[in-house]
Amino acid sequence: MAKIDTRLPKGMRDFLPSDMLKRDYVFGVVRDVFETFGFEPIDTPVLEMRDTLLGKSGEDADKLIYYAQHPGGKEELALRYDLTVPLSRFVAMHENDLLMPFRRYHIAPVWRGDRPQKGRYREFYQCDADIVGIPDMSADAEIISVVATALKRLGFADFTVKVNNRKILTAIGIFSGVPDAQLGSLYRSIDKLDKIGLNGVVKDLRDNGLPEDVVNRMVGLLDLRGENVPSLDMLAHLREQLDGIGLGQEGITELEQMVEFMDALAVPSDSVEIDVAMVRGLSYYTGPVFETVITKPDNLGSVTGGGRYDELIGLFRKQSLPTTGTSLGIERIIDLLDLLDLYPPELTGTVVQVLVTVFGADTQRDSMRLTSELRAAGIHAEAIMQLQKSLGKQVQYADRKGARVVAFLGPDEIASGVVKFKRLSDGQEVTAARDRATLAVRDLLAE
RNA sequence: GUGACUGUGGUGCAGUGGUUAGCACGUCUGACUGUGGAUCAGAAGGUCGAGGGUUCAAAUCCCUCCAGUCACCCCA
C-alpha cells in the first residue's frame with residue numbers, strides 16, 4: 001500500500017526531544033532576563049484579521065504574509081508576521097487595562113512565506129521586549145541593555161549591537177539632495193556598505209541614476225563611519241556636516257542621549273557600535289534602530305533587531321503612543337549556540353534522571369513502586385516496561401537515552417530491603433536501604 | 001521573485017552506459033538468561049526524487065517536473 005508522504009511544509013520543522021530541551025533552555029534564559037528587567041508576559045492569537053497586519057511593515061513584508069481561511073469562514077485572516085504589529089493592536093484594544101508605561105515581553109512563533117535558507121525559516125520564534133508610552137531615550141537604552149544582557153547570559157562573548165537613527169538616514173538623504181522617490185533605493189545601497197564596501201555603494205548609487213554631486217556628498221558622510229573613530233566624536237562630526245537639517249540634529253541628539261543612558265545602565269561600550277549605514281527594512285521605524293550581529297562566526301545574519309516606532313499604535317487608536325522595542329531571533333541564536341557549543345553541561349538530551357530496571361513479572365510492581373517514590377520526591381524517573389528485555393539491554397537503553405542513574409531492584413535487593421543505584425558517567429554503584437533511596441539518588445545526581 | 005548547485009537503504013557517501021546497486025555509521029538479533037559505552041557473528045532495510053526520451057542495455061546520457069541546499073532581495 002502506498003504510504004502517505006511525510007514531508008513538511010517548506011521552511012517548517014519538527015523538533016526532537018533533544019532539540020526541545022535546548023530550545024526550552026534558551027527560552028528560559030531569555031524569559032528570565034526579560035523578567036529581571038520588569039517586562040510582563042502577554043500572548044495573542046496566531047491569527048489576526050488580515051487588515052490588522054497588512055500595510056504595516058512595508059510592501060516586501062506584505063508579500064510574505066500567510067493568509068489563513070476556514071472554508072466556511074467569512075473573516076479574512078492571516079498568520080502574524082511579527083509580534084510588533086499585534087502588540088500595537090493589543091495596546092490600542094486593552095488600554096484601559098494597561099498601566100503606562102507598559103513593558104511587555106512576548107515569546108511566540110511567527111510566519112513568513114520567505115525562501116528558506118541558512119538561519120531562515122518560514123515558521124520561527126521571536127522573543128520580543130517592548131516599552132510602550134515612553135518617548136525618552138532611556139527606554140531605548142533599556143532595550144539595548146536587555147539585549148546585551150540576554151546574549152551575555154546565553155554565553156556569547158563577541159557580539160555587537162549596532163545602533164542608528166532613522167532621522168539621521170532621512171537627513172543624509174536631504175543633505176545629499178536625493179529626491180524622496182529615491183530614498184528607498186538610497187537606504188538599500190547604504191545598507192550594503194559592509195558587504196560591498198564604499199566603492200560598491202558608489203557604483204550602486206550611480207547605477208540607480210543618482211547625480212554625481214549627490215553621490216559625492218553622500219560618500220563624504222559615509223566616510224565618517226571609520227572603525228577607529230570613537231562614536232561620540234563621530235556624532236559631533238556628523239552634527240557639523242548636517243548643520244541646518246533639523247531632523248538630523250534631532251537624530252544625533254537622540255543617539256548621544258542613548259549613549260549616556262547606556263553608560264548609566266552599564267552596557268559595555270565595546271559591544272555597542274553606532275553605525276550610520278545600518279538601515280533595517282521595516283517601514284514602521286521612526287527613530288533609533290538596533291540590530292545585533294554575533295561577531296565571532298559572523299555568518300548567520302542578525303540575531304536581534306528592533307527600533308522605535310512612535311506612530312504604529314496610532315494606526316489602531318486616535319492618538320499614538322511612543323514605543324520602542326526589540327526582537328531576539330531564537331532560531332539563529334540556537335544555530336549559533338550549536339556551532340559554539342555554549343549549552344550548559346546538564347543538558348543531556350533527556351529529562352529522565354533515573355531509569356529503573358525490571359527483572360521480571362514478579363518484581364515489576366516493586367520497580368513501579370520505587371519509581372513512584374522517586375517521582376514523589378521530584379526526581380525524574382522512568383521504569384522499563386518491556387519485561388523480556390535483558391538487563392544489559394535495559395542499561396543500554398538508559399545509557400543511550402542519556403539517563404544519569406540506573407536503579408536495580410532484583411530478588412536479592414528486595415529480599416534484603418535495599419536498592420542498588422549505578423551512575424553511568426563513572427560506573428559508581430551504591431546500595432541503599434529502601435527508605436533512603438531518594439537520598440542516595442540525590443547524592444549520585446549531585447556530583 | 002532571480003540565480004547556482006544537489007537528489008542512490010534511517011543518516012553520510014561510492015558507483016559516470018554492461019551480470020542479482022555497494023560501503024560506512026545507525027537499527028535489530030545473538031555471543032552475554034543480574035549491569036551500558038568495546039569486540040565478533042548474523043539479519044532486516046533501496047520502485048537509485050518522479051515522469052518521459054535515447055539505447056540491445058540507463059543510477060549513469062537528454063528533456064520536463066518535483067524536492068532540497070546555498071546565495072541575491074529582504075529579514076530574526
Side-chain angles (χ1 to χ4, degrees), chain A residues 2-3 5-11 13 26 30 57-65 81-84 107-128 147 151 184-185 187-189 191-192 195-196 204 278-283 285 289-294 299-307 326-336 355-360 363 384 387-415 420-429 431:
Chain A
K3 298 283 187 293
D5 198 355
T6 56
R7 90 193 167 88
L8 287 170
K10 189 199 281 283
R13 302 163 294 164
V26 177
V30 170
S57 309
E59 279 175 44
D60 287 333
D62 278 358
K63 283 187 260 175
L64 302 180
I65 291 176
Y81 172 89
D82 66 8
L83 301 177
T84 305
I107 298 178
V110 302
W111 290 266
R112 298 181 185 179
D114 222 346
R115 279 279 275 274
Q117 53 183 282
K118 193 190 274 302
R120 171 177 301 185
Y121 309 95
R122 289 186 161 186
E123 177 180 57
F124 63 98
Y125 271 73
Q126 291 196 319
C127 307
D128 279 33
V147 164
L151 291 177
S185 69
Y187 292 163
R188 244 165 279 143
S189 301
D191 199 29
K192 284 191 261 184
K195 267 186 198 164
I196 61 180
D204 218 40
M278 195 267 294
V279 177
R280 303 203 53 75
L282 297 178
S283 57
Y285 293 125
V289 284
F290 342 115
E291 173 173 299
T292 308
V293 291
I294 304 293
N299 52 350
L300 269 182
S302 53
V303 295
T304 87
T326 191
S327 182
L328 308 208
I330 203 76
E331 318 298 346
R332 289 178 181 177
I333 287 175
I334 285 170
D335 285 351
L336 284 163
L355 207 294
V356 180
T357 58
V358 174
F359 282 70
T363 68
I384 292 286
L387 298 179
Q388 77 284 4
K389 255 202 159 94
S390 73
L391 204 56
K393 293 291 176 197
Q394 297 185 36
V395 175
Q396 188 178 63
Y397 171 78
D399 180 45
R400 297 212 174 150
K401 196 171 170 119
R404 295 184 56 204
V405 170
V406 175
F408 300 97
L409 191 53
D412 297 349
E413 286 81 7
I414 293 171
K420 192 153 73 174
F421 294 107
K422 175 175 185 166
R423 180 166 57 203
L424 293 179
S425 57
D426 58 0
Q428 188 185 328
E429 293 190 2
T431 300

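Here the structure is a predicted model, which means the values were calculated and not measured.
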Enquirer: Under 3.5 Å, is there any donor-acceptor pair linking the side chain of A/K420 to the base of B/rU35?
Expert: yes
Enquirer: Rounding to the closest angstrom, what is the interatomic distance between B/rU8 and B/rG51 at atom P?
Expert: 16 Å
Enquirer: For a quick check, tell me whether the side chain of A/K422 and the base of B/rG36 share a donor-acceptor pair closer than 3.5 Å.
Expert: yes
Enquirer: Report yes if a donor N or O on one partner sits less than 3.5 Å from an acceptor N or O on the other, where the partners are the side chain of A/R115 and the base of B/rU69; otherwise report no.
Expert: no
Enquirer: Can you tell me how far the NZ atom of A/K63 sits from the CD atom of A/E59, to the nearest 0.5 Å?
Expert: 7.0 Å
Enquirer: Below 3.5 Å, does any donor atom in the side chain of A/R400 face an acceptor in the base of B/rG26, or the other way round?
Expert: no
Enquirer: Record whether the side chain of A/E413 comes under 3.5 Å of the base of B/rG34 through a donor-acceptor pair of N or O atoms.
Expert: yes
Enquirer: Would A/R112 and A/D82 count as a side-chain contact (heavy atoms from CB on, under 4.5 Å) if you check the C-alpha gap in whole Å, the side-chain angles of each, and the deciding distance to 0.1 Å?
Expert: CA-CA 9 Å; A/R112 298 181 185 179; A/D82 66 8; 3.8 Å; yes
Enquirer: Taking donor-acceptor contacts at under 3.5 Å, does the side chain of A/Q394 reach the base of B/rU35?
Expert: no
Enquirer: NZ of A/K393 versus P of B/rU29: gap in Å, rounded?
Expert: 5 Å
Enquirer: Using atom C1' in both nucleotides, what's the gap between B/rC32 and B/rA38 to the nearest angstrom?
Expert: 13 Å
Enquirer: Taking the P atom of each, how far is B/rC65 from B/rA24, in whole Å?
Expert: 39 Å
Enquirer: Is a donor-acceptor contact shorter than 3.5 angstrom present between the side chain of A/R332 and the base of B/rC75?
Expert: yes
Enquirer: What interatomic distance, in whole Å, is found between C1' of B/rU47 and the corresponding atom of B/rA21?
Expert: 13 Å
Enquirer: Taking atom CD1 of A/I384 and atom NZ of A/K393, what is their separation to the nearest 0.5 Å?
Expert: 12.0 Å
